[in-house]
Trainee: 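Please find one structure pasted underneath; my questions will follow.
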Protein chains: 2
Amino acid sequence: MTDMKQRIATELERSFSEQGFAEQGVEALRAEADVSLRTLYRHFPSREAMIVGALEHRDATYFAWLEGGPEEGVGHVLHPLVRLRDWLCEVANTGCLFLNALAEYPDSAAIGAVVRDHKARLAEEFTRRLARVAPGRDTGDLAETLFLLHEGMTQAARFQGREKACEAALRAARAALAAEDIR
Amino acid sequence: MTDMKQRIATELERSFSEQGFAEQGVEALRAEADVSLRTLYRHFPSREAMIVGALEHRDATYFAWLEGGPEEGVGHVLHPLVRLRDWLCEVANTGCLFLNALAEYPDSAAIGAVVRDHKARLAEEFTRRLARVAPGRDTGDLAETLFLLHEGMTQAARFQGREKACEAALRAARAALAAEDIR
DNA sequence: CGACAGGTAGAGCGATCGCTCTACTTTTCG
DNA sequence: CGAAAAGTAGAGCGATCGCTCTACCTGTCG
């Protein structure tokens, strides 16, 4: 059943997010998902597949998390950063799950591909939003700046604390938009 | 001997940097350092101590790497970002060793402490440089912006490619300085 | 009914893990 | 010289790893 696979993927995502990748083996993952070892392996035939499955699930979760928000103006552009702040406060402040995975398995082609795909679409998110708010203008550089701030904020929140990193990133983003006369 | 410990630490740093933390056990580290298992454990009595040792060594290496450069003007402030670009080109483009370690062992107090200490001093680097170039002005926010760009650049370079991330970060940093009339 | 897909529980495989230990050699130095 | 310190080589410990497999149960459907 697809329900089962979804349910397991949800638990894998939560588990890896909370405990990291190195600190728990397959048996621990099985227990968290509350299924038999056989069922776990039926849907995710290796530990690497479990990681990829968790990342794919997180990808969907996170883009759903970004939905909604202001449909125009600065608020529309900044929305992903605001939602990231919410995520860091309400869900987890443990860095980026994708980059954490990449850190542990830098040689895995499968993991690398999922990470690159996710990040490319995330960067595109800023590009799209800027294109909507400032149509006809070349906002490519600005999109890259906002994406860098997004990545920096995610990491800095871990060791500096959420509030400081979030305020700094939003302040910097607003300044960058203001400097380009986007309002 | 301290020489020996230094030499081992150098190899540990290189090894973890190139292969990641999860993908090699103590035996592989021993082989890279080209010492006996007993000697390795004499200087670093546990795998966690090896990681901490590698991070401490990297801390020293990296701050030495930042030395030199312009002593005033925008160049002085941007120097750490320029040197980071050099590092990503010449040494390794594998993200931040400290954050990679934290990703794998989020529950280790020892590792967490080293990471927080390193990052705090790195953030301070921008604060100091700005204070020198724009004495008497409140450049705290700007320093935080530059630090966020530094962190974002480090991560983005991994999956977007060095050039794109480095150019974007330097461009964004210059723009932020210009907007505050720092030259 | 009977076949089968998909679930549970858990024993157990070989490999590898972090780490300790023995036995011996080399270097340092009072 | 001779003791202590610090090195090498590597066997081997118990624990854990990822993963497979057997044995059994349950619901669906032709």
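Chain A is the first sequence line, chain B the second, and so forth, proteins listed ahead of strands; every chain is numbered from 1.
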Trainee: In whole angstrom, give the distance that lies between atom CZ of Arg7(B) and atom P of dT8(D).
Mentor: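 Whole-Å distance recorded here is 8 Å.
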Trainee: Lys5(B) has an atom NZ; how far is it from atom P of dG7(D), in whole Å?
Mentor: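 Interatomic distance, NZ of Lys5(B) to P of dG7(D): 11 Å.
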Trainee: Could you give the CG-to-P distance, from Leu29(B) to dC19(C), as a whole number of Å?
Mentor: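 Distance check: Leu29(B) CG to dC19(C) P gives 11 Å.
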Trainee: Tell me the interatomic distance from Arg47(B), atom CZ, to dC17(D), atom P, rounded to whole angstroms.
Mentor: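 Atom CZ in Arg47(B) sits about 13 Å away from atom P in dC17(D).
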Trainee: Mind calculating the distance between CD (Glu48(B)) and P (dC19(C)) to the nearest angstrom?
Mentor: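 The distance from CD of Glu48(B) to P of dC19(C) comes to 9 Å, rounded to the nearest Å.
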Trainee: With a 4.0 Å cut-off on N to O distance, would you call Glu125(B) and Arg128(B) a salt bridge?
Mentor: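 Answer for the salt bridge query: yes.
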Trainee: Between dC19(D), dA9(D), dA6(D), which one does the side chain of Arg42(B) approach most closely?
Mentor: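 Of dC19(D), dA9(D), dA6(D), dA6(D) is nearest to the side chain of Arg42(B).
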Trainee: Has Ser36(B) got a side-chain N or O lying under 4.0 Å from the OP1 or OP2 atom of dG10(D)?
Mentor: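 Ser36(B) to dG10(D) OP1/OP2: no side-chain N or O under 4.0 Å.
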Trainee: Considering only dG18(D), dT8(D), dG7(C), which nucleotide approaches the side chain of Met4(A) most closely?
Mentor: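 Out of dG18(D), dT8(D), dG7(C), the nucleotide with an atom closest to Met4(A)'s side chain is dG7(C).
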Trainee: Pick the nucleotide of DNA chain C nearest each of Met50(B) and Arg30(A); which residue has the one closer to the 5' end?
Mentor: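 Nearest nucleotide further toward 5': that of Arg30(A).
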Trainee: Among dG18(C), dC19(D), dT8(D), which is the nearest nucleotide to the side chain of Tyr41(A)?
Mentor: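 From the listed options, dC19(D) comes nearest.
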Trainee: Would you call the rings of Phe21(B) and Tyr105(B) parallel, tilted or perpendicular, where under 30° means parallel and over 60° means perpendicular?
Mentor: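 Plane angle over 60°, so perpendicular.
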Trainee: Should we say atom CD of Glu90(B) is surrounded by more than 12 heavy atoms from elsewhere, each under 6.0 Å from it?
Mentor: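 Yes, because the 6.0 Å sphere around CD of Glu90(B) holds more than 12 heavy atoms from other groups.
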Trainee: Whole-Å distance between dC17(C) P and Phe21(B) CZ?
Mentor: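 Nearest whole value for this atom pair: 17 Å.
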Trainee: Let me know the distance between CD1 of Ile8(B) and P of dA6(D), rounded to the nearest Å.
Mentor: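 One finds 13 Å between P of dA6(D) and CD1 of Ile8(B), rounded.
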Trainee: Where the side chain of Leu37(B) is defined as all heavy atoms beyond and including C-beta, which of dG18(D), dG7(C), dG10(D) is the nearest nucleotide?
Mentor: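 Of all the options, the side chain of Leu37(B) is nearest to dG10(D).
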Trainee: According to a strict under-4.0 Å criterion, is His43(B) in side-chain N/O contact with OP1 or OP2 of dA6(D)?
Mentor: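 No, because none of the side-chain N or O atoms of His43(B) sits under 4.0 Å from OP1 or OP2 of dA6(D).
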Trainee: Rounding to a whole Å, what distance do you find between Glu27(A):CD and dT8(C):P?
Mentor: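 Going from CD in Glu27(A) over to P in dT8(C) covers 13 Å.
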Trainee: Are Arg132(A) and Glu72(A) close enough for a salt bridge, meaning some N to O gap below 4.0 Å?
Mentor: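 Not counted as a salt bridge, because no side-chain N and carboxylate O are separated by less than 4.0 Å.
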Trainee: Of the nucleotides dC19(D), dT22(D), dT8(D), which one has an atom closest to the side chain of Ser46(A)?
Mentor: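 Ranking dC19(D), dT22(D), dT8(D) by closest atom to the Ser46(A) side chain puts dC19(D) first.
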Trainee: Could you tell me which residues satisfy salt bridge (charged side-chain N to carboxylate O under 4.0 Å, His left out) with Glu104(B), sequence neighbours excluded, listed by chain and number?
Mentor: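 If we apply the salt bridge (charged side-chain N to carboxylate O under 4.0 Å, His left out) test to Glu104(B), skipping adjacent residues, there are no hits.
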